[in-house]
Asks: 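One structure follows; several queries about it will come next.
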Amino acid sequence: MAELVGEPGPLPVGSKGHKASGWWGMWMMILTEASLFAYLLFSYAYLGMQSHGGWVPELPKLQIALPNTVLLVASSLVLYWGESGIKKGKTGRLVAALALTLLMGAVFAGLQGLEWHNKKYGPDADAYASSYFMTTGFHMAHVIGGLLMIAALLLWAAMGKFNAQRHAAVSIGALYWHFVDVVWLAVFATFYISPYLVSRHG
């Protein structure tokens with residue numbers, strides 16, 4: 001048997017290419033989770049239409065929610081900046097973007113917790129309160145999951161695991177974070193903006 005020429009190199013680590021299997025798996029999970037959020041928002045609208053006045057106990061305050069929304073959307077832009085950087089081999093840019101995204105997401109979670117604390121009612125007060133805390137709480141669970149994902153990506157990026165050819169995990173993690181942001185826009189529009197529109201036409 002002929003001897004192999006040359007020394008064998010190390011096996012590649014991580015998926016190569018944008019459309020890795022994990023990419024499609026993440027899309028399937030996002031479709032499932034999006035359906036659940038759609039049900040939660042539909043239930044809010046349905047219960048609101050069945051209510052005979054007084055559905056929203058008070059118009060939602062935007063002092064925290066509005067800048068928090070801007071912060072979360074900005075975190076998506078920062079992460080996109082980092083993802084586009086690693087596609088060009090700019091590891092330092094990716095590390096900076098992941099660290100900043102992690103910080104912005106943590107601030108969002110903290111401010112959301114502060115807003116919950118400032119509410120005059122709890123989740124068991126009535127149907128509206130249950131819908132509000134259930135939906136925003138479920139979103140918060142996704143934020144926490146996204147932060148853990150970003151933290152893992154930050155660690156791997158700092159260890160030099162990604163380059164211009166192998167960065168599928170970054171794209172997959174970014175896809176999830178963008179989903180979390182888009183869902184929050186729907187939640188924000190439903191719970192924070194629509195009561196003002198209804199009261200104006202009421």
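Side chains included, hydrogens not; waters and symmetry mates left out as well; all remaining heavy atoms used.
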Asks: Backbone N or O of Gly48 within a donor-acceptor pair of the Ser51 side chain at under 3.5 Å?
Replies: no
Asks: Consider only side-chain heavy atoms of I, L, V, M, F, W and Y, link residues closer than 4.5 Å, and tell whether Leu77 and Val70 are in one cluster.
Replies: no
Asks: How long is the straight-line distance from OG of Ser131 back to OH of Tyr46, given to the nearest 0.5 Å?
Replies: 13.5 Å
Asks: Do Tyr176 and Ile172 pass the side chain to side chain contact (heavy atoms under 4.5 Å, CB included) test, and can you show the C-alpha distance, the side-chain angles, and the key distance before you say yes or no?
Replies: CA-CA 7 Å; Tyr176 180 82; Ile172 294 168; over 6 Å; no
Asks: Looking only at atom types and distance, does a side-chain atom of Tyr196 sit under 3.5 Å from a main-chain N or O of Pro60, one as donor and one as acceptor?
Replies: yes
Asks: Hydrophobic side-chain clustering at under 4.5 Å (ILVMFWY, transitive links): who's grouped with Leu185? Put none if nobody.
Replies: Val73
Asks: Could you check Leu47 against Trp55 for side chain to side chain contact (heavy atoms under 4.5 Å, CB included), going step by step and ending with a plain yes or no?
Replies: CA-CA 8 Å; Leu47 292 172; Trp55 166 239; 3.5 Å; yes
Asks: Report, as yes or no, whether the 6.0 Å neighbourhood of atom CE on Met29 holds more than 12 heavy atoms from other residues, nucleotides or ligands.
Replies: yes
Asks: Under 4.5 Å between side-chain heavy atoms, counting indirect links through other Ile/Leu/Val/Met/Phe/Trp/Tyr residues: same cluster for Leu31 and Val187 or not?
Replies: yes
Asks: Determine whether a donor-acceptor pair (N or O, by modelled atom type, separation under 3.5 Å) exists between the side chain of Ser130 and the backbone of Pro123.
Replies: yes
Asks: State which residues pass side-chain contact (heavy atoms from CB on, under 4.5 Å) with Val182; sequence neighbours excluded, sorted by chain then number.
Replies: none
Asks: Do Val95 and Tyr80 sit in one hydrophobic cluster, given that two such residues count as connected whenever their side-chain heavy atoms are within less than 4.5 Å of each other, even indirectly?
Replies: no
Asks: Ignoring hydrogens, what is the shortest heavy-atom contact between Ala164 and Lys87? Give both atom names and the distance.
Replies: CB-O, 3.6 Å
Asks: Evaluate side chain to side chain contact (heavy atoms under 4.5 Å, CB included) for His139 paired with Val180, printing each intermediate quantity in order.
Replies: CA-CA 7 Å; His139 179 264; Val180 170; 3.5 Å; yes
Asks: Look only at the side chain of Thr32 and the backbone of Met28, and say whether a donor-acceptor pair between them is shorter than 3.5 Å.
Replies: yes
Asks: When hydrophobic residues are tied together by side-chain contacts of less than 4.5 Å, even through go-betweens, does Leu111 share a cluster with Met140?
Replies: yes
Asks: For Ala186 versus Leu41, what's the shortest heavy-atom pair and its separation?
Replies: CB-CD1, 3.9 Å
Asks: So, for Ala74 and Met104, which heavy atoms are closest and what is the spacing to 0.1 Å?
Replies: CB-CE, 3.5 Å
Asks: Would you indicate whether the side-chain heavy atoms of Asp124 and Phe133 approach each other to under 4.5 Å?
Replies: no
Asks: Residues in side-chain contact (heavy atoms from CB on, under 4.5 Å) with Ala34, at least two apart?
Replies: Phe179
Asks: Residues in side-chain contact (heavy atoms from CB on, under 4.5 Å) with Pro57, at least two apart?
Replies: Tyr121, Tyr128
Asks: Provide the closest heavy-atom pair for Ala129 versus Gly122 in the form atom of the first, atom of the second, distance.
Replies: CB-O, 3.1 Å
Asks: Taking Phe108 as the starting point, is it possible to reach Leu100 by hopping between hydrophobic residues whose side chains are less than 4.5 Å apart?
Replies: yes
Asks: Got a sec, which residues hit ring-ring contact (aromatic ring centres under 6.0 Å, His included) with Phe191, two or more places apart in sequence or on another chain?
Replies: Tyr44, Tyr132
Asks: Hey, could you give me each pair passing side chain to side chain donor-acceptor pair (under 3.5 Å) that has a residue in residues 57-68? Not counting sequence neighbours.
Replies: none
Asks: Hey, could you give me each pair passing side chain to side chain donor-acceptor pair (under 3.5 Å) that has a residue in residues 92-103? Not counting sequence neighbours.
Replies: Ser84-Arg93
Asks: Residues two or more places apart in sequence or in another chain: which of them pass side-chain contact (heavy atoms from CB on, under 4.5 Å) with Trp27?
Replies: Trp23, Ile30, Leu175
Asks: Sequence neighbours left out, what passes side chain to side chain donor-acceptor pair (under 3.5 Å) with Thr69? Give chain and number order.
Replies: Trp184
Asks: For the atom pair CD1 (Ile86) and OG1 (Thr91), what is the distance rounded to the nearest 0.5 Å?
Replies: 4.0 Å
Asks: Partners of Thr136 by side chain to side chain donor-acceptor pair (under 3.5 Å), sequence neighbours excluded?
Replies: Trp116
Asks: Stepwise, does the side chain to side chain contact (heavy atoms under 4.5 Å, CB included) test hold for Thr135 with Tyr39?
Replies: CA-CA 10 Å; Thr135 306; Tyr39 288 132; over 6 Å; no
Asks: How many angstroms lie between NE2 in His167 and CD in Glu83, if you round to the nearest 0.5 Å?
Replies: 7.0 Å
Asks: Cut-off 3.5 Å, no hydrogens considered: what does the side-chain donor-acceptor table look like for residues 142-156, sequence neighbours left out?
Replies:
{"unit_1": "His142", "atom_1": "ND1", "unit_2": "Phe138", "atom_2": "O", "d": "2.8"}
{"unit_1": "His142", "atom_1": "NE2", "unit_2": "Glu33", "atom_2": "OE1", "d": "2.6"}

Asks: Can you name the closest pair of heavy atoms from Ser75 and Asp181 and give their distance?
Replies: OG-OD2, 3.7 Å
